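Numbering starts at 1 and runs along the sequence shown. All of these numbers come straight from a predicted model, not from anything done at the bench.
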Amino acid sequence: MACLNMLKMRNFEEKTLKKNEECTQDGSVDRKGRPAVRERTGSWFAAILILVNQGLATLAFFGVGVNLVLFLTRVMGQDNAEAANSVSKWTGTVYIFSLLGAFLSDSYWGRYKTCAIFQAIFVVGLISLSLSSYIFLVKPEGCGDEKTPCGTHSGFATAMFYVSIYLIALGNGGYQPNIATFGADQFDEDHPEEGHGKVSFFSYFYLALNLGSLFSNTIIGYFEDKGTWALGFWASAGSAIVALILFLVGTPRYRHFVPSGNPLSRFCQVMVASFRKWKVAIPSNGDELYEVDGKENPSNGSRNILHTQGFKFLDRAAVITSKENSFEKEDIRNPWHLCSVTQVEEVKCILRLLPIWLCTILYSVVFTQMASLFVEQGAAMKTNISSFHIPPASMSSFDILSVAAFIFIYRRVLDPLVARLKKSPSPRGLTELQRMGVGLVIAILAMIVAGTVEHFRLKYKDNDCPTCEGSSTLSIFWQVPQYVLIGASEVFMYVGQLEFFNGQAPDGLKSFGSALCMTSISLGNYVSSLLVTIVMKISSSERMPGWIPGNLNKGHLDNFYFLLAVLTSADFVVYLLVANWYKYIKFEGRNEKVDGCQHV
């Protein structure tokens, strides 16, 4: 078998050399494990398939997620605060699963296999939710709109519902960080033209994500708001099935990177080796530390990382003692005693990314209000234009349109303008860290605007209403500015995050870098849930049912929004300090020639 594989590889190399075809320089391979030929793999053809896949999968996900808070109140019988917490926990779980997907992708399965498996789980969850809603939950028929709540459900029906939505959480969570990184894999960053395409890809990826949710927030959201929940869920399931088929269609054209092995073991090896040598002196010159020749690295596109100052105690793991020097001559190395500089720098890189990541969590607390409290606030406003009812969840369409507009404005106007003002030789203006800071500032403004709108909503409330739905004469369109500001902040924060974590993660941890962005959203949802619980306990009294009661006319949601503005302002100050401290990762150059390929 080994001889047969060698013969196939030699035949491939001979054909490639005869045609004088150029292969990628980043170490990517085709589906058969051969060096990827530039003209026949990857680039925009594969990337567009992935972007369409992302749009359809997002349509399917938000077809469930965008109105989940209303499904929980109208069909499952939860109150506003309980439903908001349930949505926050569910959304948080979605992104927690992104860590599982990233680990399997970077360590064992590779990004293609991981994406395919988790998308299949996603489809199963959506079909299960559609069936359980149609057969068990939306009973009596026609219930679940704003006027007709559904009856009680059996334990089995409730269990089916939660199993279904958490299968959706598992499938979408494991898929999301890998599809973003897999799309970026289709571009060779060492090639001038493709490198520029890779930078643009993340903006288009986030745009595809938002355009996919536009349909679910408007058309599907409208039908679900009218009580046709099963139809909306079946539409989501159909979209997910089409997305999976499209993804599989592109199989022959995709570029791949070979998994680098378990990153947890590499991390532990560095920690154990450095603690074992805690008395060993660290050389002042980093060149004296142990490093593997780049040619000895596995052929998965990984590059050596240059030594950096900081976290010097970890450098002990790469110090060569007299005992290890004798082993090295015999070509024997125990990784729990001696680690390479690249392995040590991987750990340093993760430690440097964590403070930046922590500062993005509070932004995600602001972002998650769009799927919960913004919807409940909208439901308590005037939602009719003549006889036409506007579903509160559909207002997030203005967020999506804002994202689309600001991606264009930033890429075509702001970025070139800032680059010219900075007189930078680079065509790029703001760095990723600067863009994330701008996103935090815009998020603060969004919360101030949302609190102001709620203040005036309360001013025009109907004090005699038994519930709070449609109980204010203030039009729901006053919510437009807060949605637009959230959309603008996403372009700076989340697109910047995707580029930053993908670019700063070591080569063997690219999916983990994207998962950091997703888990920021996850913890934001959990923190939001915790914050709502704490606020309700502190603000509730005999005369006051709390800031976020079932009837918002009896609460002070505006105070909660202003509290978020204050907390985000404090977070921004900490972020400035952390961003100023951060040191960018630096890689060694790759080999100029890959066996069997002709580089020009």
Side-chain angles (χ1 to χ4, degrees), residues 53-54 56-78 83 86-98 100-101 104 114-144 150-176 178-179 212-213 215-217 219-221 223-248 371 393 522 525:
N53 166 269
Q54 169 65 11
L56 291 171
T58 304
L59 186 157
F61 176 73
F62 281 103
V64 175
V66 75
N67 266 331
L68 185 59
V69 67
L70 295 182
F71 187 86
L72 290 169
T73 54
R74 296 177 182 178
V75 178
M76 303 304 292
Q78 297 184 4
S86 296
V87 171
S88 293
K89 291 173 183 176
W90 177 77
T91 310
T93 304
V94 171
Y95 296 113
I96 282 292
F97 281 133
S98 67
L100 172 64
L104 292 172
T114 306
C115 286
I117 289 174
F118 279 103
Q119 280 190 83
I121 295 171
F122 183 49
V123 168
V124 170
L126 285 166
I127 293 173
S128 174
L129 177 63
S130 304
L131 287 172
S132 60
S133 298
Y134 179 73
I135 298 172
F136 302 115
L137 299 176
V138 187
K139 299 293 180 182
E141 189 174 346
C143 73
C150 295
T152 57
H153 307 294
S154 67
F156 175 77
T158 303
M160 276 288 292
F161 168 73
Y162 281 108
V163 167
S164 300
I165 63 171
Y166 278 95
L167 275 175
I168 293 169
L170 172 62
N172 191 73
Y175 152 83
Q176 276 294 334
N178 294 296
I179 197 67
S213 61
F215 184 85
S216 57
N217 289 352
I219 308 300
I220 294 180
F223 283 106
E224 289 177 347
D225 187 62
K226 289 294 184 181
T228 54
W229 293 98
L231 177 63
F233 293 154
W234 276 118
S236 294
S239 178
I241 291 169
V242 174
L244 177 57
I245 292 170
L246 273 179
F247 179 78
L248 297 176
S522 166
N525 280 274

Item checked: Donor-acceptor under 3.5 Å (Ser133 side chain, Leu129 main chain) -> yes
Check: Could you walk me through whether Tyr175 and Phe247 pass the side chain to side chain contact (heavy atoms under 4.5 Å, CB included) check?
Finding: CA-CA 12 Å; Tyr175 152 83; Phe247 179 78; 5.8 Å; no
Margin query: Looking at Ser239 and Ala235, would you say the former's side chain and the latter's main chain have a donor-acceptor pair under 3.5 Å?
Written below: no
Notebook entry, point to check: Looking at CD1 of Ile165 and CG of Leu68, how far apart are the two atoms once the value is rounded to the nearest 0.5 Å?
Noted result: 5.5 Å
Check: Any idea which heavy atoms bring Leu244 and Asn53 closest together, and the distance?
Finding: N-ND2, 4.1 Å
Checklist line | Nearest heavy-atom neighbours spanning Ser236 and Gly63 | finding: OG-CA, 3.3 Å
Next item on the list: Indicate yes or no: at least one non-hydrogen side-chain atom of Val69 is less than 4.5 angstrom from one of Gln78.
Entry: no
Margin query: Can you confirm whether Leu170 sits close enough to Phe118 that some side-chain heavy atom of one is under 4.5 Å from a side-chain heavy atom of the other?
Written below: yes
Check: Heavy-atom distance under 4.5 Å between the side chains of Leu131 and Trp234, does that happen here?
Finding: yes
Notebook entry, point to check: How far does CZ of Phe62 sit from CG of Asn172, to the nearest 0.5 angstrom?
Noted result: 8.0 Å
Notebook entry, point to check: Would you call the rings of Trp90 and Phe61 parallel, tilted or perpendicular, where under 30° means parallel and over 60° means perpendicular?
Noted result: parallel
Check: Lys139 and Ile135: which non-hydrogen atoms are nearest, and at how many Å?
Finding: CE-O, 3.3 Å
Notebook entry, point to check: For Cys115 and Ile179, which heavy atoms make the closest approach, and how far apart are they?
Noted result: SG-N, 3.6 Å
Notebook entry, point to check: Where does the angle between the aromatic ring planes of Phe161 and Phe71 fall among parallel (under 30°), tilted (30 to 60°) and perpendicular (over 60°)?
Noted result: parallel
Check: Going from OG1 on Thr58 to CD on Gln54, what distance comes out if it is rounded to the nearest 0.5 angstrom?
Finding: 3.5 Å
Margin query: Measuring from atom CD of Gln119 to atom CG of Asn178, what distance do you get when rounded to the nearest 0.5 angstrom?
Written below: 10.5 Å
Check: Could you state the interatomic distance from CZ (Phe136) to OG1 (Thr158), rounded to the nearest 0.5 Å?
Finding: 11.0 Å
Note to self: Is the shortest side-chain heavy-atom distance between Ile220 and Leu59 below 4.5 Å?
What the structure shows: yes
Item checked: Atom of Leu167, atom of Gly125 and distance for their closest heavy-atom approach -> CB-CA, 3.7 Å
Item checked: Heavy-atom neighbours of Tyr134 OH exceed 12 at 6.0 Å -> no
Next item on the list: Could you grab the distance from atom CZ of Phe233 to atom OG of Ser132, nearest 0.5 Å is fine?
Entry: 8.0 Å
Note to self: Using only atom types and a distance under 3.5 Å, with no angle test, would you say the side chain of Ser216 pairs donor to acceptor with the backbone of Ser213?
What the structure shows: yes
